[in-house]
Amino acid sequence: MFCKNCGAELTPTGKFCVKCGTPVGQVSSQQQPQQAWDAKQTMGAQQNVGAQQQAWTGQQQQQSWTGQQPQQTWAGQQQQQGWAGQQNMGAQPNQYGYQPNYYAGLAVKEKKPMSKRAKRLIIGGGCTLAACLAVVLTVIFAGAQLKNFWRSTFSSPDSYYHAVEKESLGVTEKALVNLYDAYISPLSGKGNGTAATMRFELSDAGKSMLSSFLSMSGGVSVSGFDSFEIRSAAGTIDGDKVAIDMDVRLNDEDLVKAKLSSNLSTGETYLQIPSQSSSYLDLTSLVKDGLLSEYSYSRTNISEMLRLVREGLPSAEELEQLIKRYTDILLDSIKNVEKSKETITVKGVSQSVTVLDAKVSGQDLVTMLDKFVNALEYDETAKRVYEKLAQYRGGGAPEYDEVIRMLRSEVERIGSLSNSSDGFLELKDYVSSGGDIVGRTIQYNGGYANLGFEYMMPMGDGKFAIEMSVFEGQNKQTIFEGDGTTSGGMLNGVITINNNIADDIGGFGHFGYGTSIPSNFRISNFDINALRKGEIDGTVTFDLPITGSPLGALSIALDIKAGGDSASINCKLLVSGSELGNISFSFDKATCPSPIQPGSGDRIYDASNSSDVTAFAAELNLTELMRRITELTGINVGSNLIPGLVA
């Protein structure tokens, strides 16, 4: 339908034209198409009772409505000007006194033009709607703070503490499960694998320095060397068939491709270098006599161990359920939380927080441990993991039911030594207005010790500061502290490590050339939102002031990105601020490569036979390989570097 005033197309249920505001009235037949009325649809209430004195013959002829009558459809589609009670389908009664389409409703009087007051009401209503929309958008974009405000204001301290901790633990849980899944996927035997890349690059400054060192010892220039890269994919398929593919690249060009496959049930292992030869090197005897014999237990072989580990370890989904189940028990056991307001300050940076102070008595601890044991007793996943891993260790471990009895006995022993006033564990969360935990204190106040751990990381006015400490009684010692900026959602700053703490860690305070563990490291462009999701995306730079070294001031910068199914680390080596080169590592989920298996006509060399190894190497045409290296880098590599292996 179209507006009779401006001609604009009308919406199916609109009462006014969206372009000019004219009310929708009767529309002429030229403004809408005619439509035949199906006789089957006119049965009952829609039958034209008297018009044209049409007799019922069982199949009523189709009839078109014309003139001033608007189009109408059946099957639940409402006509343009309203349904029953809004419009009379016929203009005048017919000659028999019947109103056509009687059940369509009462006649509607012709609408008068809209008054100015009505128009003002409509405009005002539109403005109100726009204001409501703005409020909704504000709620959406400021959802975190509003949600936290609602919880912190109207929830009990216990409920608020549980909600905040569950969200925080959920982030850690997700990161842990993703990492776990990435590591166990290659063991699944279902064709899952891991792709890894190691890349080494030299900058112009690094080439110049390395060439200078080589020239002093009669070496050659490395100016043509840009990068060296090893790509690999590995995993298991069909239960216990391990497959590894490797690709060695030089200056971003393929140099050597290699494949390695092993059947852990039989020890059958083969190596092939398809870029050089179609022959195979049989490593089976070396694997059986070396790897399998050295790492196999008396009651099983390495294939059986892999199977037990695969069947025993929980899946990523099972691990997630286990973590949730026991963290819920932990949190539900923490009650009587106190809530207060406080301002925390570190290195001049302050932030207003809500402090949630939870005290766990000795009796609370016993109750919590008892719930843990009760849950473990009927936890089929935990039972399966224990039994499979005990079998993997070769047996001799107590039965699962016996383990539960021992745990329950230990909980009873602890209960006999504890009561509600016998010391307590104090847990404090410092929560920002957005619901983030920006500080924690964990303190044990017992009869023999007062030990604690604390970290604070306030943010405000575009700055952040951080401090981590341990304490015993009144003696507090800082592990590290630092500060910086938060502009653009990125953390940039300097962290200082307490050298006394570093010296106390296993005597590892100093190493080589009189160099000590760095007292400072810089963080650059650390994504705050990534950290809130349990991921890492940023750069950490360590300064190593090497004394007595010709290199002088040496720095190592680590670009770290980890989250989901992938992780990457790029390590840059800098001397006096100039980058010499970098080494990078990356890991991703991948499909396991197809295992190799020699055919009946393929040549196979035995790795346990030295003459076979020499023949296999000769077939690889190492002379051509060295020529290729010289071509890619300009470095003259002679075949005499590997004497006796080149035909």
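Just the heavy atoms: all of them, side chains too, but no hydrogens, waters or symmetry mates, feed the values below.
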Q) Do R405 and E402 pass the salt bridge (charged side-chain N to carboxylate O under 4.0 Å, His left out) test, and can you show the C-alpha distance, the side-chain angles, and the key distance before you say yes or no? A) CA-CA 5 Å; R405 285 193 292 270; E402 179 63 24; 2.7 Å; yes
Would you say the side-chain atoms of [X] pair up with the backbone N or O of [Y], donor to acceptor, closer than 3.5 Å?
X	Y	value
D370	V366	no
D559	T539	no
N192	P186	no
Y180	P314	yes
Q351	M459	yes

(Q) Going by the rule side-chain hydrogen bond (donor to acceptor under 3.5 Å, both in side chains), which residues pair with K428 if we only count those two or more places apart in sequence or in a different chain? (A) none
Q: Give the C-alpha distance, both sets of side-chain angles, the deciding distance and a yes or no for side chain to side chain contact (heavy atoms under 4.5 Å, CB included) between Y326 and L330.
A: CA-CA 6 Å; Y326 293 101; L330 170 65; over 6 Å; no
(Q) Are V242 and T236 packed together at the side-chain level, in the sense that at least one heavy-atom pair is separated by less than 4.5 angstrom? (A) yes
As an exercise, state the distance from [atom1] of [X] to [atom2] of [Y], rounded to the nearest 0.5 Å.
X	Y	atom1	atom2	answer
E410	L407	CD	CG	8.5 Å
M456	I344	CE	CD1	5.5 Å
C592	K241	SG	NZ	11.0 Å
I230	F585	CD1	CZ	9.5 Å
N492	K463	CG	NZ	14.0 Å
S566	F587	OG	CZ	11.5 Å

Regarding [X] and [Y], does a basic nitrogen lie under 4.0 Å from an acidic carboxylate oxygen?
X	Y	value
E320	K324	yes
D436	R532	yes
K589	D181	yes
D379	R325	yes

Q: For D527, check salt bridge (charged side-chain N to carboxylate O under 4.0 Å, His left out) against everything at least two apart and list the hits.
A: none
**Q.** Residue among E165, E467, E454 satisfying salt bridge (charged side-chain N to carboxylate O under 4.0 Å, His left out) with R440
**A.** E165
Q: Take the angle between the ring planes of Y400 and Y386 and call it parallel below 30°, perpendicular above 60°, tilted in between.
A: tilted
